[in-house]
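The structure under discussion appears below in the form of C-alpha cells.
Chain A is the first sequence line, chain B the second, and so forth, proteins listed ahead of strands; every chain is numbered from 1. As the structure is a prediction and not an experimental result, all values here were calculated from the model.
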Amino acid sequence: MTAEPILEVANAVKSFDGLTAVAGASFTVEKGSITALIGPNGAGKTTMFDLLSGFAKPDSGAIRFAGQPITGKAPHRIARLGLVRTFQLTRVLAGMSVIDNMLLAAPRQPGQHLYSLLTAPRHANAAEDKARDAALSLLETFGLRSKAADYAGALSGGQRKLLEIARALMTEPSMVLLDEPMAGVNPTLGHTILDHIASLRQSNGTSFLFVEHDMDVVMNRADRIVVMAQGRVISMGTPEQIRADAAVIEAYLGGPAPEAKP
Amino acid sequence: MSVDFWINVGVLAGIYGIFTLGLQLNAGFTGLLNFGQAGFMAIGAYSIGILVVDHGWSLWLALPAAVLLACLASVVVGISSLRLRSDHFAIATIAFAEIVRYTLQNAAFSGGNQGILGFDDEWRAASGWMLSKLGAFGLGGYTQLPLLLVVWLSFVALLLALQGLQRTGWGRVLRAIREDEDATAALGKNVLSYKLQSLGLAAALAAIAGFFVALNVTYLYPTVFDPTFTFFGYAILVLGGFASYGGVAIGSLVFWALLEGTRLIDASLSAGQQASLRFIIVGLFLLLLSRLRPQGLLGNVNEMKVRP
Amino acid sequence: MSATPTVRASAAEDDASAVRSRLASPSRLTVLVAVMAVVFCLLAALFGLVPTAQATINGFVAGSYTGLGAIGLTLVLGILKLVNFAHGDLLVAGAYFTILFAWLGLPLPLAMLGAMVATAALALVTEKIVWQPLRQAKAGTLQLFLSAIGLGLVIRFSVQFFAGSQVRTLGANVVDSIALGPLRLGTLQAVALLVGLAAMLLVGLALRFTGIGKEMRAFADNRALAEVSGIDTQHVINMTWIVSGFLAGLAGILYATAIGSFNPNFGLTLLLSLFAATVLGGIGNAYGALVGGLVIGLSQEWSTLMFNARWKPAVGFALLILMLLFMPQGIFGRKKRGS
Ligand SMILES: Nc1ncnc2c1ncn2[C@@H]1O[C@H](COP(=O)(O)OP(=O)(O)O)[C@@H](O)[C@H]1O
Ligand SMILES: [Mg+2]
C-alpha cells in the first residue's frame with residue numbers, strides 16, 4: 001500500500017542572524033497518519049512548525065500541503081486550507097470565555113464578516129447556533145464543558161492545553177500540527193488527548209504531526225516518526241525502523257551508537 | 001448654573017462620545033493603540049468645509065463623502081503601519097495626526113490659520129425649523145438645543161449599533177486579535193483585514209464627530225483638531241471603562257461636566273490659565289486613573305490587556 | 001568529553017559573530033557618512049555651495065539638540081521599555097526653568113545650568129511618583145502610554161499656566177551674528193552649535209568609559225543578562241532618569257537658544273523628531289540616537305533648500321514614518337530574536 005502524502009517538505013532552510021535553525025530538512029507525512037516529530041532540544045522542530053504554518057518564511061525550500069504549494073503563504077491562508085497548528089507555549093485568548101475561544105475557530109461563519117452580517121443576519125445566527133453545538137460537544141470530549149462560560153484565563157495550565165487543541169479541531173482541519181501537546185498535562189489527561197486524536201483519525205481521516213519527548217508515547221502511538229537534529233531530518237520511518245537506526249541513537253546520546261563502534 | 005451651560009456640556013459629551021466610541025472599538029476591543037483619531041476627525045470636518053464652501057456641495061451630501069474620505073485615509077494609514085509593533089503603530093498614528101494638523105495650518109486649500117467659514121447654512125435652517133417646533137414646548141430660546149438632540153440621537157444610535165456588532169462573530173474576532181493576534185491568525189482569520197475594518201470604522205466615527213464639532217464651533221481652524229484631543233478621548237475611555245461602550249457615554253458626561261465645571265471656579269484666573277488648568281486636569285485624570293483604576297468605572301478588568 | 005569541543009566551537013562562533021557585528025556598525029556608519037556627503041554634493045551642485053553650506057551648519061545646530069534630546073528617549077525606551085511621550089515636555093521644562101532662574105536674578109549661564117539640574121530632578125521625581133509604582137503594579141502597555149501622555153500634559157500645561165502661552169526668548173541677544181566668509185551664523189546659534197557638539201562628545205565618552213555609562217548601555221542592550229551579572233537595577237534606572245532629564249534640559253535650552261523664540265508647545269512637534277532619531281539609531285542605542293539626531297537635523301535643514309522652511313517639521317514626521325515602515329530596527333540595528 002503506497003499511502004499518498006498530505007504534507008511534503010523539500011530542503012527547507014531557515015536561519016536567524018547567522019544561526020541556522022532549519023538546515024535543509026526534507027520529509028513527508030502520509031495522509032491519515034499520526035506522525036511524531038522528535039529530536040533533541042534546539043533541533044528546529046518548533047521552527048519547522050513555524051515554516052509549515054506560515055509564521056516564518058523559509059529562506060529556501062518548498063512546502064506542499066494536499067498537493068498545492070504553501071511555501072511562504074500567510075498563516076490564515078494556510079489554516080483555511082485545513083492545516084492548523086497549536087503552539088508550544090499555550091496561547092489561549094485569556095480575556096475571552098472558553099466557548100468564545102471555540103466559536104472563534106469555527107470555519108465559514110457569515111457572522112464573522114461585516115458584509116454578510118448586514119445582508120443575511122438570520123443566516124449568520126443559524127450558522128453560529130450550529131457552531132455552538134459542535135463546540136459544546138468538543139468541549140464535552142475534552143472535559144471542559146462545565147468551564148464553557150469561564151474566562152479562558154482562569155483555566156489551569158493543562159486545561160489551557162486541552163482548550164487549544166479542541167480549538168484547533170474546531171476549525172475542521174484535515175491536518176493538525178501539535179507542538180508538545182502533552183507537556184504540562186497530567187498523564188491520564190494526556191492519554192485522553194491521544195485517544196481522541198486516534199479516534200478522529202479513524203472517523204475523519206485527519207492527519208496529525210506532533211512533537212513529543214516521551215519515547216514511550218511516541219513509540220506506542222505514532223504510525224511513523226520523523227527525527228530532526230541540528231536542523232536536518234536524520235531519519236524517517238516506522239517506530240521499529242527508528243528504534244534500530246544508529247543515527248538516531250547517536251543524535252540522542254551525543255556519541256556514536258554502540259553498534260557502530262569498531 | 002444656567003441651562004445653556006448644561007446644554008453645552010451635553011453637546012461636547014455627545015460629540016466626544018462619538019469620537020471615543022471609535023477609540024473604544026480600536027483600543028478596547030481590537031487592542032489597536034490608535035493615537036491619531038484627531039487626525040481623522042480633522043479630515044472629516046475639513047472635507048465637509050471644503051466640499052461645501054469651495055465646491056458648492058450640499059452639507060448633507062458632504063457628510064457621507066467626508067466619512068468616506070476619512071475611511072480612505074484610515075486605509076492608507078492602516079495598510080502602511082498596521083504591520084508595525086503596537087508601540088510603533090501608536091507613534092506612527094501620532095505622527096499622522098501631526099502631519100494633518102501641520103498641513104491644515106500651512107496649506108492653501110485649508111485656509112491655513114484663517115480657517116473655513118460659512119459651510120453651515122443648511123444646518124442653521126434645519127436648526128431654526130427645529131427651534132420653531134420646540135417653541136411649542138417653551139424651549140424655543142435654547143439655540144443649541146437642536147444640536148444637542150441631533151448629537152445625542154446619533155451618539156445613542158451609534159453606541160447601540162456598535163454594542164450589537166460587538167456581540168456578533170465579527171466582534172469576537174476583534175477581541176481575539178486584542179488577546180493574541182498570532183493565535184487568531186493560526187485559526188484562519190485575516191488579522192490585517194479585521195484591523196483595517198476596525199480602524200476604518202473608528203475613522204468614520206471620528207469624521208461624524210468632526211461634522212458635529214464643525215456645526216458646534218461654526219468655524220474650522222486647525223487648533224480645534226489638535227492631536228492632543230485624541231488624549232481627551234483616551235481620558236474619557238479610561239474614565240468610563242475599558243471594553244465597554246456604555247462606559248463611553250458615562251465617561252464622556254462625567255469628563256465634560258468636570259472639565260467645563262472648571263470654568264465656574266472662582267475667576268481669579270486669566271482665560272489662558274483657565275485653559276491650561278483644563279489640560280492639567282485631563283493629564284491628572286490620565287495619570288490617576290491608569291494608576292488607581294485602569295479598567296475605569298464600568299470597565300472589565302479581565303479584558304484589560306493590551307500586549308506589546 | 002565529546003561535548004567540550006562543541007561548546008568551545010560555539011563560543012568561538014559567538015566571538016566571531018560579535019566581532020562581525022562590531023565591524024558591521026562602523027561600516028554602516030561609513031556608508032551613512034558617504035550617503036550624506038553625496039547628498040551634500042548634489043545639493044551644492046543644484047542650489048549652490050554657499051546656501052548648502054549654510055543649511056548644513058543650521059543642520060548641525062538642529063542635529064545637536066535633536067541628538068541630545070533623543071538620548072534620554074532611547075535610554076528610557078531601551079532600559080525601561082517605556083515609550084515616554086512626556087519626553088518632549090521635559091525639553092520644554094528645561095527652556096522654561098532657564099527663564100524662571102534668569103527671572104530670579106541668576107546670570108544666564110548659571111540659570112541654564114540650574115535648569116538642567118532642575119530638569120534632571122523633575123525626571124527623577126516622575127520616576128519616583130509615576131513610573132516606579134506603575135512598574136511595581138505590573139502596568140500594561142496602554143496604562144503606561146496613557147500615564148506618559150498624562151504626565152506630558154501636566155508638565156506642558158503647568159508651564160503654560162505659570163508662564164503663559166505667549167512667545168518668549170531666553171533674553172539673550174538674538175540679532176548678533178558672526179560672518180564666516182560668505183556664511184552667517186547667529187552668535188547664539190554658534191554657541192549652541194559648539195556647546196551641542198561638545199556635549200555630544202562628552203556624553204559619548206561618558207557612556208563609553210564611566211562605569212554607570214557601561215552599565216546603562218549593557219542594560220539597554222540586554223536587561224536580563226545585565227541583571228544576572230549583578231548590576232543594581234534601581235540605581236541604573238535612577239541614573240537613566242537623571243541623565244535623560246539633564247540632557248533633555250540641555251537640548252531644550254539649545255533649541256530655545258538656536259530658534260530664538262518659542263512657546264510651551266514646542267515639545268510635541270519636537271518629540272516626533274526625537275522619535276525619528278531614536279528609531280533611526282536603533283532603540284536603546286545612545287550613540288545611534290546622536291547620529292540619528294544629526295541625520296534628522298541635516299535632512300530638515302537641507303529640505304529648506306527645496307521647500308518652504310515651514311515644512312521643516314513635516315520632514316521629521318516623514319522620516320519617522322519611513323523609518324518605522326522600512327527600517328524599524330534602525331540603521332545600526334540587528335534583528336532581535338523573536339518574530
Ligand atoms: N526567532 C528566533 N530567532 C533566533 N533564533 C531562533 C529563533 N527561533 C528559534 N531559534 C533558534 O533555532 C534553534 C532551533 O529552535 P527550535 O525550533 O525552537 O527547536 P526545538 O523546537 O526543536 O527545540 C535554536 O537554537 C533556537 O535558539
Ligand atoms: Mg520546540
Separation of [Y] [atom2] from [X] [atom1] (nearest 0.5 Å):
X: C:L153; Y: B:F232; atom1: CG; atom2: CZ; answer: 7.5 Å
X: B:L286; Y: C:S147; atom1: CG; atom2: OG; answer: 8.0 Å
X: B:S290; Y: C:L144; atom1: OG; atom2: CG; answer: 8.5 Å
X: B:E98; Y: C:T269; atom1: CD; atom2: OG1; answer: 4.5 Å

How about CZ on C:F162, more than 12 heavy atoms from neighbouring residues, nucleotides or ligands closer than 6.0 Å, or not?
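Open: at most 12 neighbouring heavy atoms sit under 6.0 Å from CZ of C:F162.
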Over 12 foreign heavy atoms within 6.0 Å of CZ, B:R83:
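No, the 6.0 Å shell around CZ holds no more than 12 heavy atoms from other groups.
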Applying side-chain contact (heavy atoms from CB on, under 4.5 Å), run through C:I321 and B:S81 and close with a yes or a no.
CA-CA 8 Å; C:I321 291 188; B:S81 44; over 6 Å; no
Close aromatic pair by centroid cut-off 6.0 Å: B:F35 and C:F145
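B:F35 vs C:F145: aromatic centres under 6.0 Å.
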side-chain contact (heavy atoms from CB on, under 4.5 Å) between B:R85 and C:L324, intermediate numbers included
CA-CA 9 Å; B:R85 284 172 24 189; C:L324 286 174; over 6 Å; no
CA sep, side-chain torsions, deciding dist, call: B:D87, C:T141, side-chain contact (heavy atoms from CB on, under 4.5 Å):
CA-CA 8 Å; B:D87 50 350; C:T141 314; 5.5 Å; no
Whether C:Q160 side chain and B:S276 backbone form a donor-acceptor pair below 3.5 Å
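Here the side-chain-to-backbone pair does not exist.
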Main chain of B:N106, side chain of C:R310: is a donor-acceptor contact present, judged purely on distance under 3.5 Å?
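Confirmed, C:R310 side chain pairs with B:N106 backbone.
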Considering only heavy atoms and a distance below 4.5 Å, find which of C:S165, C:P313, C:A276 pairs most often with chain B.
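Max contact count across the listed options: C:P313.
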Go through the steps to decide whether C:F317 and B:F96 satisfy the test side-chain contact (heavy atoms from CB on, under 4.5 Å), and finish with yes or no.
CA-CA 8 Å; C:F317 309 151; B:F96 154 75; over 6 Å; no
